[in-house]
Structure formats: structure tokens, C-alpha cells
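Because the structure is a prediction, the values reported are computed rather than measured. The first residue in the sequence is number 1, and the count goes up from there.
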Amino acid sequence: MEIDNNDNGKFLYFDFSDLLPDDNFFYNSFASQCMNLGYSRVLADWGSSFPWSIDKRLVFQEHLDEKTITAFDTNIKNKNFCIIPLFPFIGGMEFLLSFFSYKHLRLEGNYSSIDPEAAGAESFLKDIIDDYTSIFSNTRYAAFNLTMAYLLNSNNIKKAVSQIISDITDENNFEEIFLVGYRASLEVINNIKYLINNDNIRIFIIDKTETDFIKNKIETATPFFYIEDKNKEIIYKYEKELKKAWDIIIFLKTVLNKTQYKPCLYYNISTIFSYYKELVDIFSKIGKTVTIIKEALAGRLNKGSLDNYFNSRLALIKTEMMKINCDIENINSSLKGEV
């Protein structure tokens, strides 16, 4: 099975729908910071963070200002640096297809992916790309999001995908294009590449594990990229606390599941209480650490994006804690003969 090597400079993948830079930071510091770290090309998943005009409803989402984009575009034209847009296609369409008016374009009802065989699908994708290039004209390369490629379960639908990519590539004269997806769908993505039959196509894998042997794995930007060196230690502390919290959650859920169905294990209830108390303490520490991180990232990341990024992760832990606490109370009531 074919895997391409990223031998034309270092690439860094940014999910701007998750972590959106502040306008001033994007214009003044983004390109120089990437190049200082050795990255000449950036793969950007914009999501709703681009100043799209294709749908007026997107103006209510957190996004970079159009003036910031055009100024940045002009500023980098003579530099050895470029941003490669990851255009939504078979994945990444949530910011548009979540609107009910686009229901007819969803692939098998999934609002992350457009149905390449649906009427108007190709013209819709072309409108998205035209919208992007009308603002960000410095677009010599393009990437297509195929993270939901596992949904492409027939040869005809794969041919439809390859035809749309071929048409768009020809119309826009992209020098090089990238097919981006997960390793689990690599066979499908290779099939699409074969059907396109273009020498200037490469495959990149978004892999969230620390597997080093994947030669074309894209390194993903995290809050580490945005924070100053003097404050990086606080990110290490946050990640360490986060990992410990999830380790305890997994342990408690496993033990509670066994305890609920095996009365002979009730003697572990004191251990469960002890671990739950530790989890509560860690959650409190994480909250305080996040406050410090937000202060350190102020002016570098969009405030709304910053809040969403960290608050959503805290909310996941809090939800699990509430479930665990409910299970503990049920077991405790059972022990007291209240159930």
C-alpha cells in the first residue's frame, strides 16, 4: 500500500475550528513563528473560522476578520511560506451541513461529509473553494478532507469523489494537491488517488497517536505552538493533570461496573471513595491551571476559541464525574439497604 513521504519541507497541521488565533497574532506573528520552528508549509482546517461569504449564518461563528486575511495574504507572498487550505469534502463539512437547508447534500445523513453523487454537490464545493480563493488568493496548493472516507463504500462513489477533485484541480491550476485522512481509511484514499491519476497528488495521514513509523503523519499544532517558551511548563502541568484525571476515571468506571453486578466486591467501596476524592482534587487543580493558561494565551488565541477549547475538555471530565458520583450513591444506598 502506498504512503507518500513529506520530503518537501516540514508541514504543520492546524485545526483553526478548534484553536483559532487572535487576529493580531495571526497577522504579526503566525508565519514567523511557523518558520522559526522549521515549518515552511501549514495545512489549515479552517472550519467556520474563515470569513466565509457563502452562507450569511456563518458570520455568527468565531472567525478571523477578512481584513486580517487579505493583509496576511499580501504579506506572505514573497516569503518561503504558504498556507495550504484543507477544503471540506468527505469530512469537515459540519460548519455548513449542520444547517438543515443543506440536508440534501449530506452523505448517508452524516453532516460531516458531502454526498459526491448528490445533485449540486460539485458546484457547492466549487463555491466553497471560490469563496476561499477570492479572499486568500495566495493558494498554489490545496488539500481535500477525506477523514470520513470509510463512508465511501462503492466504486461509483469513489469515482465521483475522484472526478470532483480532478475537475476542481484543473479549474484552479493547483500546483500540488493533498488527500488528507486517517490511517484506517488509507486503502480507500489510495484508490481515490489512483482514480485521479495525477502525478502531483500526495497523501497525508492525520494520526493522533505517537506512532513514529508513519512517515507521512502530519504533526498537529496544539496550545504549545501559541504559548511563549517561558510559559510552556504550565502546559506540561495541564497535560499531566489531564492524563491523571482520565486514568482515575477509567479505573473508577471499571471498578464500579464490576461492583454493581458482583456484590462480593462491595468491600472496595472505601477504595472507590478514596479515588473519587482524588479525582475531585485533580479536577480543581486542572481548573486553576486552565485559568493560568488562558491568561498566558490572551492576545495569541481568539478568546471564544480559547474558552471553548479548554471548557469543553473540562466539561467532559465533569460529566464523567457526575456519572461516577451517581453510581457511588446507588452502591452506597444498596449497602444501607435503601434499594
Side-chain angles (χ1 to χ4, degrees), residues 11-35 37 39 41-73 75-76 81-88 91-99 112 128-129 131-136 138-139 143 145 147 180 206 208 218-228 231-232 234-235 238-239 290-316:
F11 285 70
L12 188 59
Y13 169 70
F14 285 84
D15 184 354
F16 286 151
S17 64
D18 201 25
L19 285 173
L20 174 64
D22 175 82
D23 279 86
N24 289 328
F25 178 85
F26 185 77
Y27 176 72
N28 291 309
S29 307
F30 183 78
S32 58
Q33 183 148 331
C34 287
M35 289 187 288
L37 293 171
Y39 298 99
R41 294 199 269 184
V42 161
L43 190 67
D45 183 354
W46 289 91
S48 60
S49 65
F50 193 78
W52 303 104
S53 60
I54 189 171
D55 193 304
K56 293 180 180 179
R57 290 170 289 189
L58 293 175
V59 74
F60 299 108
Q61 304 291 330
E62 296 283 357
H63 62 275
L64 287 169
D65 190 276
E66 183 175 336
K67 292 180 181 178
T68 302
I69 297 289
T70 53
F72 179 86
D73 185 30
N75 192 41
I76 67 170
F81 175 82
C82 71
I83 288 182
I84 303 170
L86 179 60
F87 292 123
M93 277 284 186
E94 298 93 339
F95 71 102
L96 278 170
L97 297 191
S98 58
F99 294 127
S112 295
I128 293 173
I129 294 173
D131 193 6
Y132 179 87
T133 55
S134 69
I135 300 175
F136 211 126
N138 190 26
T139 308
N145 190 325
T147 54
V180 181
I206 300 173
K208 297 181 180 179
I218 307 172
E219 185 172 349
T220 302
T222 68
F224 271 111
F225 173 84
Y226 297 95
I227 205 162
E228 293 181 283
N231 293 318
K232 287 190 184 296
I234 196 66
I235 296 285
Y238 163 76
E239 292 187 340
V290 165
T291 299
I292 298 171
I293 292 173
K294 286 182 179 180
E295 291 173 355
L297 288 171
R300 291 172 169 258
L301 279 170
N302 171 279
K303 186 179 184 305
S305 171
L306 187 58
D307 288 340
N308 288 336
Y309 180 86
F310 287 104
N311 292 350
S312 62
R313 283 154 178 78
L314 286 173
L316 286 173

Is a donor on one side and an acceptor on the other found under 3.5 Å between the side chain of [X] and the backbone of [Y]?
{"X": "Ser17", "Y": "Gly47", "result": "no"}
{"X": "Asp73", "Y": "Ile69", "result": "no"}
{"X": "Thr220", "Y": "Leu12", "result": "no"}

Legend entry - Derivation and outcome, side chain to side chain contact (heavy atoms under 4.5 Å, CB included), residues Leu64 and Phe16: CA-CA 10 Å; Leu64 287 169; Phe16 286 151; 5.6 Å; no

Check [X] against [Y] and note the closest heavy-atom contact, atom names and distance.
{"X": "Ser305", "Y": "Asn302", "value": "N-OD1, 2.8 Å"}
{"X": "Asp23", "Y": "Asp65", "value": "OD2-N, 2.9 Å"}
{"X": "Ala296", "Y": "Ile227", "value": "CB-CD1, 3.8 Å"}
{"X": "Phe26", "Y": "Trp46", "value": "CZ-CH2, 3.9 Å"}
{"X": "Leu43", "Y": "Ala143", "value": "CD1-CB, 3.4 Å"}
{"X": "Ser48", "Y": "Gln61", "value": "OG-CB, 3.7 Å"}

Determine whether [X] and [Y] make a side-chain contact, defined as any pair of heavy atoms from C-beta on separated by less than 4.5 Å.
{"X": "Pro88", "Y": "Leu96", "answer": "no"}
{"X": "Pro21", "Y": "Phe14", "answer": "no"}
{"X": "Leu58", "Y": "Phe99", "answer": "yes"}
{"X": "Tyr13", "Y": "Tyr39", "answer": "no"}
{"X": "Tyr238", "Y": "Ile292", "answer": "no"}
{"X": "Lys294", "Y": "Asp307", "answer": "yes"}
{"X": "Ile235", "Y": "Thr222", "answer": "no"}

Inset, instruction - Could you tell me how the ring of Tyr226 sits relative to the ring of Phe25: parallel (under 30°), tilted (30 to 60°) or perpendicular (over 60°)? - result: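 Tyr226 and Phe25: tilted rings.
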
Inset, instruction - Would you please classify the geometry between the Phe136 ring and the Tyr132 ring as parallel, tilted or perpendicular, with 30° and 60° separating the classes? - result: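 Taking Phe136 first and then Tyr132, their aromatic rings lie parallel (interplane angle under 30°).
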
Distance in Å, [X] [atom1] paired with [Y] [atom2], rounded so as to fall on 0.5 Å steps:
{"X": "Lys303", "Y": "Asn308", "atom1": "NZ", "atom2": "CG", "answer": "10.0 Å"}
{"X": "Ser312", "Y": "Asp18", "atom1": "OG", "atom2": "CG", "answer": "7.0 Å"}
{"X": "Leu297", "Y": "Leu19", "atom1": "CG", "atom2": "CG", "answer": "8.5 Å"}
{"X": "Ile206", "Y": "Asp15", "atom1": "CD1", "atom2": "CG", "answer": "8.0 Å"}
{"X": "Ile234", "Y": "Glu228", "atom1": "CD1", "atom2": "CD", "answer": "14.0 Å"}
{"X": "Thr139", "Y": "Ile83", "atom1": "OG1", "atom2": "CD1", "answer": "9.0 Å"}

Inset, instruction - Evaluate the salt bridge (charged side-chain N to carboxylate O under 4.0 Å, His left out) criterion for residues Asp55 and Arg57: first the C-alpha distance (whole Å), next the side-chain angles of each, then the deciding distance (0.1 Å), finally the verdict. - result: CA-CA 5 Å; Asp55 193 304; Arg57 290 170 289 189; 2.7 Å; yes

Inset, instruction - Under the side-chain hydrogen bond (donor to acceptor under 3.5 Å, both in side chains) rule, collect the residues that match up with Asn231, sequence neighbours excluded. - result: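 For Asn231, no residue satisfies side-chain hydrogen bond (donor to acceptor under 3.5 Å, both in side chains) once neighbours in sequence are set aside.
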
Legend entry - side chain to side chain contact (heavy atoms under 4.5 Å, CB included) assessment of Phe81 paired with Cys34: CA-CA 9 Å; Phe81 175 82; Cys34 287; 3.5 Å; yes

Legend entry - NZ (Lys232) with more than 12 external heavy atoms under 6.0 Å: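 Yes, because the 6.0 Å sphere around NZ of Lys232 holds more than 12 heavy atoms from other groups.
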
Legend entry - Phe95 vs Phe50, side chain to side chain contact (heavy atoms under 4.5 Å, CB included): CA-CA, chis, key distance, verdict: CA-CA 11 Å; Phe95 71 102; Phe50 193 78; over 6 Å; no

Legend entry - Verdict with reasoning, Phe30 to Val42, per side chain to side chain contact (heavy atoms under 4.5 Å, CB included): CA-CA 10 Å; Phe30 183 78; Val42 161; 4.2 Å; yes

Inset, instruction - Kindly confirm or rule out a cation-pi arrangement of Arg313 over Tyr309, judged by NZ or CZ under 6.0 Å from the six-membered ring centre and within 45° of its axis? - result: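 The answer is yes, since Arg313 meets both limits relative to Tyr309.
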
